[in-house]
Amino acid sequence: MRIATFNINGVNTRLANLLDWLKAEAPDIACLQELKATARQFPEVAIREAGYDAVWEGEHRWNGVAILSRVGAPVVTRRSLPGDPADRQSRYLEAAVQGVLVGCLYLPNGNPRPGPKFDYKLAWMERLIAHAAGLVTVDAPVVLCGDYNVVPTEADIYDSRSWKANALLQPESRAGFARLLDQGWTDALRERFPEQPPWTFWQYLREAWARDAGLRIDHLLLNPRAAARLKDAGVDAAVRGRERASDHAPAWIELADTDPA
DNA sequence: ATGTCCGCACATTGCGGA
C-alpha cells in the first residue's frame with residue numbers, strides 16, 4: 001500500500017497537476033494540504049472520476065486538508081485537532097482506510113517570528129504532540145503525515161544561512177518535532193535515506209527549483225506497527241518541475257500488506 | 001530586505017499568506 005502526502009497549494013488552481021500525478025503514480029491513499037477551498041469548492045467530481053473517494057475539511061482562502069483513497073472510502077475519525085475549540089483553522093483530518101489510521105495535518109507556518117503566528121504554531125504543535133501520544137501506541141498501523149512546516153535538522157535544508165530567522169528552523173520548532181519522534185514515531189524518509197534525505201519543498205523565490213535549493217518539511221511519521229511494514233519511501237520530485245506546479249512535491253511511503261512474520 | 005505566486009476585495013492595483 002502506497003500512502004502519499006502532497007501540499008497542493010490550491011486544489012483547484014493545481015487540479016490538472018493533481019490529476020496528472022494521481023494518474024501517473026496511483027497512490028492508494030493521498031493526503032492533501034492547503035486546499036485553499038471551501039468545502040463546497042472542493043473538486044469532488046473530478047477526483048471521483050480519477051478513481052478516488054475523498055473526505056475533506058475546507059476553509060475559505062487558506063488551509064484545508066483532504067484524504068483521498070482508491071482502496072475503499074476513508075472513514076473519518078477526527079475533523080480537527082483536540083485541545084482548542086476556538087481554533088477554526090482547517091488543519092487536521094483523520095480517517096481509517098483499509099485497517100490503517102491516517103492523520104493528515106497542515107502545521108502552521110509560524111512566520112513572521114516572533115509574533116502571534118509563531119505562538120500559534122507552537123501551541124498547535126503542543127496539541128499535536130498530546131494527540132500523537134495516544135496514536136503512537138495504537139495496535140494498528142498509524143501514519144501521521146503532512147506539511148509539518150519544520151526543517152528537522154541541518155541535513156534537511158540546502159543551506160540554512162538565509163533561513164536563520166525563519167519559523168521553520170527555530171529551536172522551538174525542531175524541539176517539538178524531536179519530541180514527537182521521542183514518542184516512538186519513525187520519520188520514514190529519514191529512515192529510508194539516513195545520509196541525505198530528499199527535499200520536499202522548493203520556494204517560488206529566487207529560482208529555488210532550478211538551483212535545487214530545497215527543504216524537507218513534509219513528513220510521514222509511522223507508529224511502530226506501521227514502521228514494521230515500511231518497505232520504501234520517496235519523493236516525486238519531478239512533479240515540482242511541471243507547469244503551474246505547487247511549491248511542494250509529493251512524498252510517499254510503501255507499506256507491506258501484512259506484518260512481517 | 002529581497003524575491004514568486006495566487007486569489008480576493010474598499011477590484012483593473014494592493015494585499016495577505018506562504
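A note on names: the letters A, B, ... follow the listed sequences, proteins ahead of strands, and every chain is numbered from 1.
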- Quick one: do A/Arg216 and A/Asp187 make a salt bridge, cutoff under 4.0 Å? yes
- Message: Whether the side chain of A/Asn111 engages the backbone of A/Ala167 through a donor-acceptor N/O pair (distance < 3.5 Å, no angle test) should be reported.
- Response: yes
- Item | Distance, P atom - from B/dG16 to B/dC10, rounded to whole angstrom | 13 Å
- Task: Have a look at A/Phe201 and say if it touches a base, only the backbone sugar-phosphate, or nothing, with a 4.0 Å heavy-atom cut-off.
- Result: nothing
- Task: Check every strand shown and say whether A/Glu207 touches a base, only sugar-phosphate, or nothing at a heavy-atom separation below 4.0 Å.
- Result: nothing
- Spatial distance of atom CZ (A/Arg14) from atom CG (A/Asn7) [nearest 0.5 Å]: 9.5 Å
- Integer angstrom distance from the P of B/dT13 to that of B/dA1: 28 Å
- Item | Single-linkage hydrophobic cluster, 4.5 Å side-chain cutoff, A/Trp199 and A/Trp163 together | yes
- Rounded to the nearest 0.5 Å, the CD atom of A/Glu191 sits from the OG1 atom of A/Thr186 at a distance of 5.5 Å
- Item | Outermost nucleotides of DNA chain B that come under 4.0 Å of a non-hydrogen atom of chain A | B/dT2 to B/dA18
- Item | Rounded C1' spacing from B/dG7 to B/dT12 in Å | 15 Å
- Applying the Watson-Crick and G-U criteria (both distances under 3.5 angstrom) with [ ] for crossing and | for other-strand pairs, one obtains for DNA chain B ...((((((...))))))
- Report the C-alpha distance between A/Glu57 and A/Arg78 in whole Å, list the side-chain angles of each, state the deciding distance to 0.1 Å, and finish with yes or no for salt bridge (charged side-chain N to carboxylate O under 4.0 Å, His left out). CA-CA 10 Å; A/Glu57 193 63 29; A/Arg78 291 206 65 88; over 6 Å; no
- Just one of A/Ile67, A/Leu32, A/Leu105 clears the side chain to side chain contact (heavy atoms under 4.5 Å, CB included) bar with A/Leu93, so which one? A/Ile67
- Residues A/Ser173 and A/Gln170: side-chain donor-acceptor under 3.5 angstrom: no
- Considering only atom P, compute the distance from B/dC15 to B/dG3 and round it to an integer number of Å. 15 Å
- ring-ring contact (aromatic ring centres under 6.0 Å, His included) contacts in which one or both residues fall within residues 48-97 of chain A, not counting sequence neighbours: A/Phe42-A/Trp56, A/Tyr92-A/His131
- Message: When the C1' atoms of B/dC6 and B/dA11 are compared, how many Å lie between them, rounded to an integer?
- Response: 15 Å
- Task: Let me know, please, whether A/Arg206 or A/Asp147 comes out on the 5' side of the other along DNA chain B by nearest nucleotide.
- Result: A/Arg206
- Message: Heavy-atom nearest nucleotide on DNA chain B for A/Thr13 versus A/Glu34: which residue maps closer to 5'?
- Response: A/Thr13
